[in-house]
There are 2 protein chains.
Amino acid sequence: MGDHNGTVPTKKKPQVTASPARRSELLGTAAEVFAEQGYNATTVRKIADHAGMLAGSLYYHFDSKESMLEEILRTFLDELWDGYDTVLDAELGPRETLEALVIESFREIDRHRAAVAIYQKESKHLVSQERFAFLADSQRKFEKAWLSTLERGVAAEVFREDLDIRLTYRFVRDTVWVAASWYRPGGQHGPEEIARQYLSMVLDGIAVRT
Amino acid sequence: MGDHNGTVPTKKKPQVTASPARRSELLGTAAEVFAEQGYNATTVRKIADHAGMLAGSLYYHFDSKESMLEEILRTFLDELWDGYDTVLDAELGPRETLEALVIESFREIDRHRAAVAIYQKESKHLVSQERFAFLADSQRKFEKAWLSTLERGVAAEVFREDLDIRLTYRFVRDTVWVAASWYRPGGQHGPEEIARQYLSMVLDGIAVRT
DNA sequence: GGCCTTCCCTAACAAGTGTTTGGTAGGTTA
DNA sequence: TAACCTACCAAACACTTGTTAGGGAAGGCC
C-alpha cells in the first residue's frame, strides 16, 4: 500500500495481491455472462451472482468492469494471433493458407466461444475508445492477412478473379465468425469437422456442379 | 381519452393523440442510435438529443423505451415477411427460390439497415421475453422456409447432398444477414449487385473450377 | 501464541437510469 | 376573443448502476 514514491500516484492501485488462477476463473464466468446478456446489460452484481459472491468483492481482483472486458478480449486476441501467425509464417500456398486460417478460426471459436461472441457484439462500439485501440490494430492486421491471401490466390488462379475481393473478404470473415453465435463446444461436430464443411461451401459452393 | 367503461383501466393510457408521421420519424432516429450504440447502452436522453428534444418529451409519443424497440422490430419483420411470402407463394424451383430470398433479404437490409442491425444484436436476449415472442415465431417460420427450400433443392439434385443441411442453413442465413453490419445504403454497390455476388459465392464457391 | 496474507462481506456513495407530472407556447377552430 | 389541441419543456421521482471503504474470518508462517 505504501505509496512512498514522491511522484504522481499513477491513478489507482489495483488489487494488491490476487491469485492469477482465481482471476482467470472469474474472467471465465464474466465472459459467459457478457456473451449471453451483452456487456452493457450485464451488471457487476450479475457477474458476482454467477461467481457466488457479492458485487464489491469483484473489485478485489479487478479494478473496474471495463478492465474485465479488456482483459477478456486481450487474452483472446493474443491467443488468436499466436495461431494465425504460425499459419502465416508457414508461407503455404493461398488455398492452403485460407484453409488453415479457417480451421484455426474454428479452433479459436471452440476455445474462446464467449470471448468471440463478445468481440462480435461489442467491438464495433469499442474501437473508438482509446483503451480498446488494440482492437483496431487487430482488425487492420486481420484484414491485411486475409486480403493478401485472397489476392495471392487470384494471382495464382486458384480463386476466381471475377469477384470483388473486399466483398469476398467480408464474406469469408463473417461466415466464419458468426458461427460463434450458435456453436456450442461438445456438440456432435468438432471444430475441425465444421471447418471442413464450411470450407467446402465457401470454396466449391452449395450448388451441384453441372 | 374517456375511460368511461367501468372496468379496470387496463394499466396505462399511452399518448392521447400523436401524429403517425412524427412517430415513425422518431422511431427512425431511435433505430439508428440503437443500431450504433446498442439498445442497452442507448439512453432515452441520447435518443432525445438526436431528435432535438428532451427525454421526457419522448413519452408523449411512446409509453416506454422498450415499446420503441418493439415497434421498430415489428415494423421491420412485417415488411420482411411481406416480401418473403410473395417469394414463397410464387412456388418457384428451389434454386430460384433461394436466389429470390437472398435478393429480397438484401433489399430489406437496404431499406431497414438499422432495424436489421438491432435485430441481430439484440434478438438473442429478447426472444425469452414474453413481449418479444413474435421474434421466436418469425425465427421458426424463417428456418422452416429455408430448410424446406434446401431440402427441395437436394431432392431435385440442384444442391449438393453431401452437406449437413442445418449447417448449410445457418451458413446461408448468417452470410446474408451479417452484411447489415457493414452495408451502407448509397454505396457503390446496390443491394441487387451485392446479392448477385453473394449468390455467386454461395452457389458456386470462390475457388476456380478445375 | 501472534502476525500477516488472502479473500470476501457489509454498507454505503454519487451518478445515471427510465419514467411521471404539471405546465405552456403556438397554431387551429369556433 | 375564447376554447382547444398538439407537441414539447422543466423538474422531479424512484431505482439501478459501478465503485469504494472498512472490517473480518480462515489459514499459513514465525
Side-chain angles (χ1 to χ4, degrees), chain A residues 1-3 9-31 33-34 37-72 122 125-126 129 131-132, chain B residues 1-3 9-31 33-34 37-72 122 125-126 129 131-132:
Chain A
M1 313 242 201
D3 227 323
T10 58
K11 300 236 165 166
K12 293 219 192 128
K13 50 171 185 212
Q15 59 293 342
V16 213
T17 46
S19 98
R22 186 69 174 130
R23 266 181 82 85
S24 55
E25 188 181 347
L26 290 173
L27 280 179
T29 71
V33 186
F34 284 156
Q37 325 229 4
Y39 174 73
N40 283 287
T42 301
T43 74
V44 294
R45 281 166 240 270
K46 278 188 201 162
I47 301 176
D49 275 357
H50 279 253
M53 50 196 248
L54 291 182
S57 308
L58 284 172
Y59 289 80
Y60 173 74
H61 299 275
F62 311 98
D63 43 54
S64 75
K65 180 189 174 189
E66 209 179 49
S67 76
M68 297 189 215
L69 178 62
E70 182 184 343
E71 192 163 339
I72 289 170
E122 317 289 348
H125 343 148
L126 296 177
Q129 293 177 239
R131 173 170 203 168
F132 293 94
Chain B
M1 319 206 206
D3 225 323
T10 58
K11 297 228 165 173
K12 293 215 192 128
K13 53 171 185 216
Q15 58 294 341
V16 211
T17 46
S19 97
R22 186 68 175 133
R23 266 181 81 85
S24 55
E25 187 181 347
L26 290 173
L27 280 179
T29 71
V33 186
F34 284 157
Q37 324 229 5
Y39 174 73
N40 284 286
T42 300
T43 74
V44 294
R45 283 166 239 269
K46 279 189 201 161
I47 303 175
D49 275 358
H50 280 253
M53 49 195 249
L54 291 183
S57 308
L58 285 171
Y59 289 80
Y60 173 74
H61 298 275
F62 310 99
D63 44 53
S64 76
K65 179 189 173 189
E66 208 178 50
S67 77
M68 296 189 217
L69 178 63
E70 181 185 343
E71 193 164 338
I72 289 169
E122 317 289 347
H125 344 149
L126 295 177
Q129 295 177 237
R131 174 170 203 169
F132 294 93

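In the text below, chain A, chain B and the rest are named by the order of the sequence lines, each starting its count at 1.
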Full working for side-chain contact (heavy atoms from CB on, under 4.5 Å) between A/Glu71 and A/Ser24: CA-CA 9 Å; A/Glu71 192 163 339; A/Ser24 55; over 6 Å; no
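- Straight-line distance from the CG atom of A/Leu58 to the C1' atom of C/dC9: 12 Å, rounded to whole Å.
- Note that OG1 of A/Thr29 and NE2 of A/His50 are 8.0 Å apart. Values are rounded to the nearest 0.5 Å.
- At distances below 3.5 Å, at least one donor-acceptor pair connects side-chain atoms of B/Glu122 with backbone N or O atoms of B/Tyr39.
- Rounded to the nearest 0.5 angstrom, B/Glu70 CD and B/Leu126 CG are separated by 10.0 Å.
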Below 3.5 Å is the cut-off: list the nitrogen or oxygen pairs between protein and nucleotides 14-18 of chain C, distance only.
| residue | atom | partner | partner atom | Å |
| --- | --- | --- | --- | --- |
| C/dG18 | OP1 | B/Thr42 | O | 3.3 |
| C/dG18 | OP1 | B/Lys65 | NZ | 3.0 |
| C/dG18 | OP2 | B/Val44 | N | 3.0 |
| C/dG18 | N7 | B/Arg45 | NH2 | 2.8 |
| C/dG18 | O6 | B/Arg45 | NH2 | 3.1 |

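- Shown here for A/Met53 and A/Leu58, the closest heavy-atom pair between the two residues is CE-N, 3.5 Å.
- Nearest to the side-chain atoms of A/Leu54 among the listed nucleotides C/dT10, C/dC8, D/dC8 stands C/dT10.
- Rounded to an integer number of Å, the gap from CE of B/Met53 to P of D/dC8 is 5 Å.
- In this model, the phosphate group of C/dC7 is approached by a side-chain N or O of A/Tyr60 to a distance below 4.0 Å at OP1 or OP2.
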Using atom types as modelled, flag every donor-acceptor pair under 3.5 Å from a side chain in residues 41-48 of chain A to any protein atom, sequence neighbours excluded.
| residue | atom | partner | partner atom | Å |
| --- | --- | --- | --- | --- |
| A/Thr42 | OG1 | A/Val33 | O | 3.4 |
| A/Thr42 | OG1 | A/Gly38 | O | 2.6 |
| A/Thr43 | OG1 | A/Arg45 | N | 3.4 |
| A/Thr43 | OG1 | A/Lys46 | N | 3.1 |
| A/Lys46 | NZ | A/Gln37 | OE1 | 3.3 |
| A/Lys46 | NZ | A/Ala41 | O | 3.1 |

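- Residue B/Ser57 is the one, among A/Ala55 and B/Ser57, whose nearest nucleotide of DNA chain D lies closer to the 5' end (criterion: closest heavy atom).
- Between A/His61 and C/dC8 there is a side-chain N or O to OP1 or OP2 distance below 4.0 Å.
- Proximity of A/Ser19 to the phosphate of C/dT6: no side-chain N or O atom is located under 4.0 Å from OP1 or OP2.
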